[in-house]
Amino acid sequence: MTDEAHFDVAIIGGGINGASAAQHLSAAGYRVLVVEKDDFANGATSRSSRLLHCGLRHLANGDRLRDLLRHPLRLMRALATVREDMLARDELVATLPEQVKAMKFCLPIYKDDPYPAWLLDLAFAALRLASPRGVPLEYRRYRPSEMQKIPIYPWLRTPEKLRGLVVFREYIFDWPERIALDALLDARRMGADIRNYTQVTALHREGNQWQLNLRKSDGEQAKVTAQTVLNFSGAWVDAVHQFTGDPVGKICQGIKGIHIAIQLPEAFVDHGVFTYNSLGEPLYCLPWRGIHYVGLTRTPFTGDASDISASDQEIDWILAETNRVMPDLNLGRSDVLYSWAGVNPLTYDPQEALGSREIKIHDMASHGMEGMFALTGGAIMTHRRVARRVVQKIRANIQPSVAPQDMQFGAGLGRVDAECAQSLTDVLSRRMGLAWDADQGRDSARGIAEKLAPNRGWDAQRIEAELMDYEGYLQTARRKPTQD
């Protein structure tokens, strides 16, 4: 690991927002370093709902109309976020068509729901106005006499009480880890230094630059300097600030969410469900590689997000909520193929118990940390818009060091053996995405390990150890619930 190297920008955090910032800054002509204490894209990027959504959840988040009208500033922020979401949706569908999958999203309307049919019509009109020439929503509201045309209709609770059924086009990321990795590989092609399994142990401002003390997982240490630091470490953003030794108030509100993967009847192929749980919050059931996953929970989280997993109690709650929406499924613990949990790094707001979804780039100069910026609320789908905002902020303070270059978007920019993977788990889960299949990659794990072995110097004993480590990862981070 190079000691005493100097960079224009050092990015702490190798998730999708850090990766995209690295790609855009490298293209703009800056010397960039990316450090990630774990594997790239192993935090919130790999643990989200994977939904490339149109922004409806910001307008239909469970609050009733009177609550929205009572907080006009919150409504205005929601509308601004909706526009960002719609524009991001358009851009990603256009530039990464092989990495997003379309589906039909179905939203049942009951008498006691927070939103009447006419209000949903109005919400979708607002969505369309946010990006009138973008990817079509294909919105249609089916009246009770027409709902039999929708294959999932008979599975919904009390179908005879439905007031209507909304169907619109939505997209799923397949898969966001790959998008982040491709952005990092493109940044490296343009000269960026990308280092996973490398932790920042100290941050010091010296003159007009920052010094970062780094330590790799094997114990090797180094010191580097940078004019600007981007703290894009997600749920760890407040913890990273502590390395400076300066007292900094809380800027991030971690929200834990869990999902479960299940196999649904054939009627659900290419169909998802967007409805509300018993708390009045959104509940998603999304098609994914021949199976479906359901989420999510939203609870404040203050612990260590590194080893987070879904508990039996949380899984039971999701199962109960799914059965409430579609009772004939009669799901139990044995139907859960796997689960996962993550921490969404939202923006801290003392007025909102579950944090604010505002995407905020904090200038930490106001906290005595000149030349440092921190990100909260950065969603997967808006990563390019965040990166472009970052470039604008950096340009206001630093001139590029080298000539600009053109970015390359899309999969396949590198080979698995050149993508910084250190373990079979890195390869199967984030480089190849097999951990998201119904069998979680178990059927192909040994063959892939044996194919990787010659280039990595793995003997038979190491292959067995890698397979055991991968199984251990599945048993913990992606666990099935305890069987009754």
Side-chain angles (χ1 to χ4, degrees), residues 20 48-97 100-109 113-143 146 150 163-173 271-276 280-284 286 346-347 352 356-361 377-389 392:
S20 188
S48 74
S49 292
R50 317 178 84 79
L51 182 61
L52 176 55
H53 60 82
C54 61
L56 178 64
R57 70 178 183 180
H58 301 300
L59 296 178
N61 61 3
D63 292 335
R64 294 186 180 275
L65 178 61
R66 62 176 178 274
D67 297 320
L68 291 172
L69 296 177
R70 195 180 298 149
H71 299 92
L73 290 179
R74 189 183 302 175
L75 177 59
M76 292 302 294
R77 284 201 301 267
L79 290 170
T81 303
V82 162
R83 175 167 169 75
E84 285 202 359
D85 286 353
M86 284 292 288
L87 294 175
R89 177 179 183 263
D90 295 341
E91 180 181 9
L92 293 174
V93 170
T95 59
L96 296 174
V100 294
K101 307 296 182 186
M103 67 170 177
K104 295 179 180 178
F105 222 3
C106 305
L107 195 164
I109 307 170
D113 281 345
Y115 306 103
W118 67 267
L119 193 55
L120 286 172
D121 291 343
L122 186 62
F124 274 91
L127 292 172
R128 185 68 282 157
L129 286 173
S131 180
R133 296 184 179 87
V135 178
L137 287 164
E138 296 180 358
Y139 170 76
R140 179 176 174 183
R141 176 162 58 87
Y142 290 81
R143 301 182 184 279
E146 305 173 299
I150 308 302
R163 293 292 185 91
L165 186 59
V166 163
V167 180
F168 60 101
R169 184 202 289 184
E170 201 56 288
Y171 292 86
I172 299 284
F173 284 109
H271 285 75
V273 179
F274 175 9
T275 186
Y276 299 94
E281 297 175 342
L283 180 76
Y284 305 129
L286 305 170
L346 298 183
T347 299
E352 298 188 40
S356 166
R357 290 190 177 275
E358 178 187 7
I359 301 171
K360 191 168 184 178
I361 301 174
I380 290 175
M381 64 181 293
T382 54
H383 63 274
R384 291 189 191 170
R385 296 181 68 81
V386 166
R388 288 192 284 265
R389 287 168 58 186
Q392 291 176 351

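The chain is numbered in sequence order, starting from 1. These numbers were taken from a predicted model, which means no experiment stands behind them. In what follows, every heavy atom counts, from backbone to side chain, and hydrogens, waters and symmetry copies are set aside.
Nearest approach of I109 to R141, heavy atoms of both residues: CD1-CD, 3.9 Å. Nearest approach of G280 to Y276, heavy atoms of both residues: O-CD2, 3.7 Å. Nearest heavy-atom pair, S356 versus L346, reported as atom, atom and distance to 0.1 Å: O-CB, 3.5 Å. Heavy-atom minimum distance, T347 versus E358: OG1-O, 2.7 Å. Contact record, S48 with I380: OG-CD1, 3.0 Å, taken as the closest heavy-atom pair. Nearest approach of V167 to C106, heavy atoms of both residues: CG2-SG, 4.1 Å.
Taking 4.5 Å as the limit, some side-chain heavy atom of M86 sits within range of a side-chain heavy atom of L137. Residues I359 and R389 form a side-chain contact, since some pair of their non-hydrogen atoms from C-beta on lies under 4.5 Å apart. Inter-residue side-chain proximity for L127 and F168 is flagged as unmet; no heavy-atom pair is nearer than 4.5 Å. Side-chain contact check for L92 versus R384: some heavy-atom pair is nearer than 4.5 Å. In this structure the side chain of E170 never reaches within 4.5 angstrom of the side chain of L286, judged on heavy atoms.
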- Task: Using the side chain to side chain contact (heavy atoms under 4.5 Å, CB included) rule, take I150 and K104 through it: C-alpha gap first, then chi angles, then the decisive distance, then the call.
- Result: CA-CA 10 Å; I150 308 302; K104 295 179 180 178; over 6 Å; no

- Task: May I have the step-by-step check of side chain to side chain contact (heavy atoms under 4.5 Å, CB included) for L120 and Y139, ending in yes or no?
- Result: CA-CA 10 Å; L120 286 172; Y139 170 76; 4.2 Å; yes

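In this structure, R140 places its CZ atom where more than 12 heavy-atom neighbours from other residues, nucleotides or ligands lie under 6.0 Å away. The neighbour count for R143 CZ, taken as heavy atoms of other residues, nucleotides or ligands under 6.0 Å away, does not exceed 12.
In this structure a side-chain-to-backbone donor-acceptor pair under 3.5 Å is missing from S20 to A387. Side-chain atoms of S49 do not come within 3.5 Å of backbone N or O of L51 as any donor-acceptor pair.
Residues satisfying the ring pair (Phe, Tyr, Trp, His ring centres under 6.0 Å) criterion with F173, sequence neighbours excluded, are absent altogether. Taking the side-chain hydrogen bond (donor to acceptor under 3.5 Å, both in side chains) definition, one finds that R385 meets it with nothing, sequence neighbours left out.
For the residue pair S131 and R89, no side-chain donor N or O sits within less than 3.5 Å of a side-chain acceptor on the partner.
Summarising the geometry, atom CD1 belonging to I172 is positioned 9.0 Å from atom CZ belonging to R50; distances are rounded to the nearest 0.5 Å. Here R128 contributes atom CZ and R133 contributes atom CZ; the two are 11.0 Å apart, rounded to the nearest 0.5 Å.
A tilted orientation is assigned to the rings of Y284 and F105, their planes being inclined by 30° to 60°.
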